[in-house]
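Numbering of ligands and ligand atoms starts at 1, following listing order.
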Amino acid sequence: MSKFNVAVVGATGAVGREIVKILEERKFPIKDLVLLASERSAGETIFFKKKEFTVQEPNKNSFENINIALFSAGSTVSRKFAPIAVKTGAIVIDNSSAFRMDSHVPLIVPEVNPQSIMNHSGIIANPNCSTIQMVIALKPILDEVGINRIIVSTYQSVSGTGKSAIDELTEQSSQILNNKKTTRKVYPHQIAFNILPHIDVFEDNGYTKEEMKLIHETKKILGNNKIKITATAARVPVFYGHSESVYIETNNHISINKLKKIYLKTKGIKLVDDIENNKYPIAIMSEIYDDVMVGRLRKDLTEPNGISMWIVANNLRKGAALNAVQIAELLI
Ligand code: 25A
Ligand code: L14
């Protein structure tokens, strides 16, 4: 099998570190690995297959001889360096929100729309973490009976914001438990022992950008512009794993039993739904399982085609790093 030269941009971040781990776990065929991050981290070393790699600051020559560049350093860095990487011949898999809605950029979840990857022109986008886990859970239903409406509320962990937010939740929790005044840098309010209905910036329509990403990206990935979607995204004081309450209305009827049977044989999904034994997906399980976990499946009591469910996944892995590496696997 041929091997590839791979660059990771944002290698020292919460997502970037996970990318490096997953490339090793999944034995991605790597010839050379180049790790890039801001000047803050340049010179730091990261282990890959027991070898030390030194982190460098990216410049316009960083992508020479690179075949695949995995970006996870935020939109500004992607806008600046992704076009340079593409120009020098690399294919970019971008974790930021910079290019996701561009018409010539495929937005890929390998379990859902692998065929869309064919139409790339150098950049392939990795969707938002909350979108990825939702479309994986909804795709089998869409294929079976169609979906005309989605109402989603998210309960998102702080690791989505990066390491600084993980530190903020740790510090504030300790401050509160020690009767000290809380300090904050990352979020506009105290996050420890609190819930904030605010992720990313507010748009003119009163929704947050995170909520609008869920709406737009879901339609693009599912290739369906007619689905009615509304979203509320909230930040909860959880370190890892995003949870979602999702209510859908299907076009045709499907029983909960039939749906469970479909989920049991769907790759990438783990059905965790045994309420008699208190079994349902919970955020901390996402530190163990890579599959998207689905449970609390139940019929709506008023709408014949309404179904509610609870969906949990690891936002740093399936929601970001793992999905990106799976896109790279699909590509090669
Ligand atoms: O713009 P977006 O798309 O909305 O994305 C916003 C952020 O979301 C994360 C990612 O943060 C990004 O910055 N992210 C990206 N995709 C994601 C996804 N799918 C995602 N989150 C969830 N799901 P991150 O913390 O995970 O990673 C940031 C990485 O980018 C590197 N970086 C920053 N500027 C760069 C750059 N790399 C190259 N060139 C640049 N100009 C960044 O490196 C990190 O690897 P770093 O050296 O800046 O960070 C190393 C450590 O330092 C901490 N840190 C961050 N900010 C500061 C800081 N330390 C001191 N002062 C600071 N101001 C970080 O926590 C990191 O651990
Ligand atoms: O991928 O949780 O668009 O703060 C940007 C913000 C991911 C999560 C994205 C957060 C995100 C994120």
Side-chain angles (χ1 to χ4, degrees), residues 8-10 13-19 70-79 82 92-102 105-109 123-136 152-170 172 184-192 194-203 207-221 229 231-244 283 286 292 311-327:
V8 179
V9 185
V15 176
R17 285 180 192 279
E18 214 59 52
I19 291 177
L70 296 145
F71 275 68
S72 187
S75 304
T76 315
V77 176
S78 290
R79 280 208 188 84
V92 168
I93 298 167
D94 184 35
N95 250 307
S96 82
S97 53
F99 309 109
R100 286 178 190 153
M101 294 312 297
D102 290 8
V105 174
L107 186 61
I108 302 293
V109 180
I123 299 178
I124 299 157
N126 192 79
N128 172 268
C129 33
S130 299
T131 309
I132 292 177
Q133 65 186 73
M134 185 171 82
V135 294
I136 287 179
V152 51
S153 298
T154 70
Y155 305 67
Q156 301 186 213
S157 66
V158 298
S159 57
T161 319
K163 192 175 166 296
S164 53
I166 298 174
D167 295 344
E168 182 146 306
L169 175 57
T170 310
Q172 288 179 356
R184 48 154 216 95
K185 283 193 292 249
V186 179
Y187 296 121
H189 305 280
Q190 172 189 315
I191 181 62
N194 202 4
I195 298 179
L196 312 178
H198 176 184
I199 295 185
D200 212 331
V201 296
F202 281 100
E203 301 201 340
Y207 284 75
T208 62
K209 197 171 158 206
E210 185 77 354
E211 289 158 353
M212 294 313 295
K213 282 184 266 188
L214 260 159
I215 294 170
H216 295 312
E217 293 180 21
T218 298
K219 291 180 181 176
K220 177 165 173 173
I221 297 163
I229 311 178
T232 303
R235 184 81 63 195
V236 294
V238 165
F239 285 111
Y240 301 101
H242 287 359
S243 305
E244 294 176 344
S286 74
V292 171
I311 305 169
V312 172
N314 188 312
N315 55 300
L316 294 183
R317 288 177 66 90
K318 188 57 208 174
L322 175 57
N323 198 69
V325 174
Q326 287 171 322
I327 292 174

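- Comment: Arg100 does not engage Asp94 in a salt bridge, judged by the lack of any side-chain N to carboxylate O separation of less than 4.0 angstrom.
- Considering each of Arg235, Arg100, Glu217, the one bringing a non-hydrogen atom nearest atom 2 (O) of ligand 2 is Arg235.
- Of all atoms in ligand 2, listed by their number and element, those nearer than 4.0 Å to a heavy atom of Cys129 are 7 (C), 8 (C).
- Ligand 2 has no nitrogen or oxygen under 3.5 angstrom from a nitrogen or oxygen of Ser157.
- With sequence neighbours left out, the side-chain hydrogen bond (donor to acceptor under 3.5 Å, both in side chains) criterion links Gln326 to Lys318.
- Looking at residues two or more places apart in sequence or on another chain, you find a side-chain hydrogen bond (donor to acceptor under 3.5 Å, both in side chains) between Tyr187 and Thr161, Arg235.
- When only interatomic distances are considered, the shortest N/O to N/O separation between Lys213 and ligand 2 falls below 3.5 Å.
- At a threshold of 4.0 Å, the pair Lys220-Glu217 does not count as salt-bridged, since none of the basic side-chain nitrogens sits closer than that to a carboxylate oxygen.
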